[in-house]
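A short worksheet on the structure shown next.
When reading the values below, keep in mind they use all heavy atoms of this one structure, side chains included, and skip hydrogens, waters and symmetry mates. Computed from a predicted model, the values in this text were never measured in an experiment. Numbers restart at 1 for each chain; the letters A, B, ... are given by sequence-line order, proteins then strands.
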There are 2 protein chains.
Amino acid sequence: MEFKEAKNKFVQTWGALGSQWGINKTMAQIHALLMVSHEPISMEDIMDELQISRGNASMNLRALMDWGIVYKEYKAGERKEFFTAEKDLDELAVKISRERSKREIKPALKVLKEVSAIESDGTAAEKHFVDQTTKLYDFVLKADNVLDKITEYKDNWLAKLVVKIMR
Amino acid sequence: MEFKEAKNKFVQTWGALGSQWGINKTMAQIHALLMVSHEPISMEDIMDELQISRGNASMNLRALMDWGIVYKEYKAGERKEFFTAEKDLDELAVKISRERSKREIKPALKVLKEVSAIESDGTAAEKHFVDQTTKLYDFVLKADNVLDKITEYKDNWLAKLVVKIMR
DNA sequence: ACAAACTTTCATTTTTTTTTGAAACTTTAA
DNA sequence: TTAAAGTTTCAAAAAAAAATGAAAGTTTGT
């Protein structure tokens, strides 16, 4: 396999993986492209390489920057904007975790708390509902906290986790 | 808030959360419904409660059973099939982790290994590609192994993890 | 102040994913 | 057997998500 082929395969795979985890395919592909590029890329080049429209490129780059995993850069003497991806994988995972926690887990927890707080009338159905949603709330809260704690290690958190767990 | 309203809110929220994580909304809703039900539910009742077609119900129940988080049950003297969800949350998380690892992470790892193995021609671009994909392979492999290890605790793994990490 | 270079926005179109529903299939009881 | 009760399948329809592209907006150099 040669470079171009490998790069393309990587970009496609990362895009597919993104889709499976609820991330827009193009967004994941742009991220993939930037991650394996040794220098900043212009929007023009991204459009060209992925065969996508200007609007698509613009919107997905904005989304990636909102996630905090892609940065805009300016090159001296160049009018256009260039983009780079966060390349430190620990940092990347931390940012993705934080963002998903904030956007998706926290709001879900709020709902779980609400619905588990209903006044049960004592029937088996209602008792089970309150019991199960309470357990779910506790579980998700605990998992969210663990994630928070883990990613607080910042540097090399995965390696540190390995040490903690394996011993 | 009363029971019916709370139950509906929970089902909707669980469905939305599913979507955000790449799981078909209806599949997540059926799972939500079964999780908070104190007794097995028939396909008929699921269709009715979620306002979905027979085909949709059938296919998503099959998918949930393939994931190993919903079980088919038979009631004595009844011809129809009933369904229940895995209600132990440790077990639920373990099963989801295992399945996603098997279906999505492992195949991606295989590709990462392949593309990181290209013979670099020594240019900065190719060197960076090999370097970055190798790091990514190592990272994902390590994360996948950690997940494996954690969920191996089986009983109360989340609680055990909390203890390990917090101290 | 202008216009060239570039980026963003968003109504419309396209693609992808999900859902439907009816026919085919399976199982069970008489 | 057979027919009733139930389930699965899958081509077609519907819905949802993503992409396009051109107009509007912004920035910069002269």
Side-chain angles (χ1 to χ4, degrees), chain A residues 11-34 40-67 70-84 100 103-104, chain B residues 11-34 40-67 70-84 100 103-104:
Chain A
V11 169
Q12 296 307 320
T13 303
W14 206 240
L17 196 63
S19 289
Q20 290 170 320
W21 287 78
I23 287 146
N24 173 330
K25 189 184 68 179
T26 302
M27 184 169 154
Q29 287 180 341
I30 294 176
H31 180 246
L33 195 59
L34 294 174
I41 314 186
S42 69
M43 203 159 88
E44 213 69 41
D45 286 350
I46 292 170
M47 287 163 57
D48 192 63
E49 189 125 13
L50 300 180
Q51 296 289 324
I52 58 173
S53 70
R54 191 171 291 290
N56 197 5
S58 174
M59 283 168 87
N60 283 113
L61 280 165
R62 151 86 28 244
L64 284 162
M65 289 188 290
D66 288 349
W67 275 63
V70 160
Y71 314 113
K72 204 180 263 190
E73 296 206 352
Y74 298 95
K75 275 195 194 169
E78 289 251 32
R79 184 105 161 233
K80 37 169 172 311
E81 300 171 338
F82 291 80
F83 301 89
T84 28
R100 295 206 89 146
R103 297 184 193 200
E104 297 153 13
Chain B
V11 169
Q12 295 308 319
T13 303
W14 206 240
L17 196 63
S19 290
Q20 290 171 320
W21 288 78
I23 287 145
N24 171 330
K25 189 184 68 179
T26 303
M27 184 169 153
Q29 286 180 341
I30 294 176
H31 180 246
L33 196 60
L34 293 174
I41 315 186
S42 69
M43 204 159 88
E44 213 71 42
D45 286 349
I46 291 170
M47 288 163 56
D48 192 62
E49 190 125 15
L50 300 179
Q51 296 288 324
I52 56 172
S53 71
R54 189 172 293 286
N56 198 4
S58 174
M59 284 167 84
N60 284 114
L61 281 165
R62 150 87 28 244
L64 284 163
M65 288 188 292
D66 289 347
W67 275 62
V70 159
Y71 314 112
K72 205 180 260 191
E73 296 206 353
Y74 297 94
K75 276 194 194 171
E78 289 250 33
R79 184 104 161 236
K80 19 173 185 314
E81 301 171 339
F82 292 80
F83 300 89
T84 31
R100 294 206 88 147
R103 296 184 193 200
E104 297 153 14

If I take atom [atom1] in residue [X] and atom [atom2] in nucleotide [N], what distance separates them, rounded to the nearest angstrom?
X       : N      : atom1 : atom2 : value
A/Met43 : D/dG21 : CE    : P     : 14 Å
A/Asp48 : D/dT20 : CG    : P     : 13 Å
B/Phe83 : D/dG6  : CZ    : C1'   : 11 Å
A/Ile46 : C/dT8  : CD1   : C1'   : 15 Å
A/Gln20 : C/dT17 : CD    : C1'   : 14 Å
B/Asp45 : D/dG6  : CG    : P     : 12 Å
A/Gln29 : D/dA19 : CD    : P     : 8 Å
A/Met47 : C/dA5  : CE    : C1'   : 14 Å

Interatomic distance, [X] atom [atom1] to [Y] atom [atom2] [nearest 0.5 angstrom]:
X       : Y       : atom1 : atom2 : answer
B/Ile30 : B/Asn24 : CD1   : CG    : 8.0 Å
B/Trp21 : A/Trp21 : CH2   : CH2   : 6.5 Å
A/Leu17 : A/Gln29 : CG    : CD    : 12.0 Å
A/Met47 : A/Leu61 : CE    : CG    : 11.0 Å
A/Glu49 : A/Gln51 : CD    : CD    : 9.5 Å

Could you pull out the closest heavy-atom pair between A/Glu73 and A/Pro40, with the gap in Å?
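Reported closest heavy-atom pair: OE1-CG, 3.3 Å.
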
What are the two closest heavy atoms between A/Val11 and A/Ala32, and how far apart are they?
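The pair with the smallest heavy-atom distance is CA-CB, 4.0 Å.
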
List in numerical order all residues of residues 50-59 of chain A for which some heavy atom is under 4.0 Å away from an atom belonging to DNA chain D.
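Those residues are A/Gln51, A/Ile52, A/Ser53, A/Gly55, A/Asn56.
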
Looking at B/Thr26, does any N or O in its side chain come under 4.0 Å of the phosphate oxygens OP1/OP2 on C/dT18?
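Negative; the distance criterion is not met.
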
Should B/Lys72 be listed as having a side-chain N or O under 4.0 Å from OP1 or OP2 of D/dT8?
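Result: yes.
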
Exceeds 12 heavy-atom contacts within 6.0 angstrom, atom CE of A/Met59
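Counting other residues, nucleotides and ligands, CE of A/Met59 stays at 12 neighbours or fewer.
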
Sub-4.5 Å side-chain heavy-atom contact between A/Arg100 and A/Ile23
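Side-chain contact under 4.5 Å: yes.
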
Heavy atoms under 4.0 Å, any strand shown: does B/Glu44 hit a base, just sugar-phosphate, or nothing?
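The answer is nothing, as B/Glu44 stays clear of every strand by at least 4.0 Å.
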
Which residue lies toward the 5' end of DNA chain C, B/Asn24 or A/Lys80, if each is placed at its nearest nucleotide?
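That would be A/Lys80.
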
Can you name the atoms? Protein N/O to nucleotides 28-30 of chain C N/O, anything below 3.5 Å, with the distance.
residue, atom, partner, partner atom, Å
C/dT28, O2, B/Arg79, NH2, 3.3

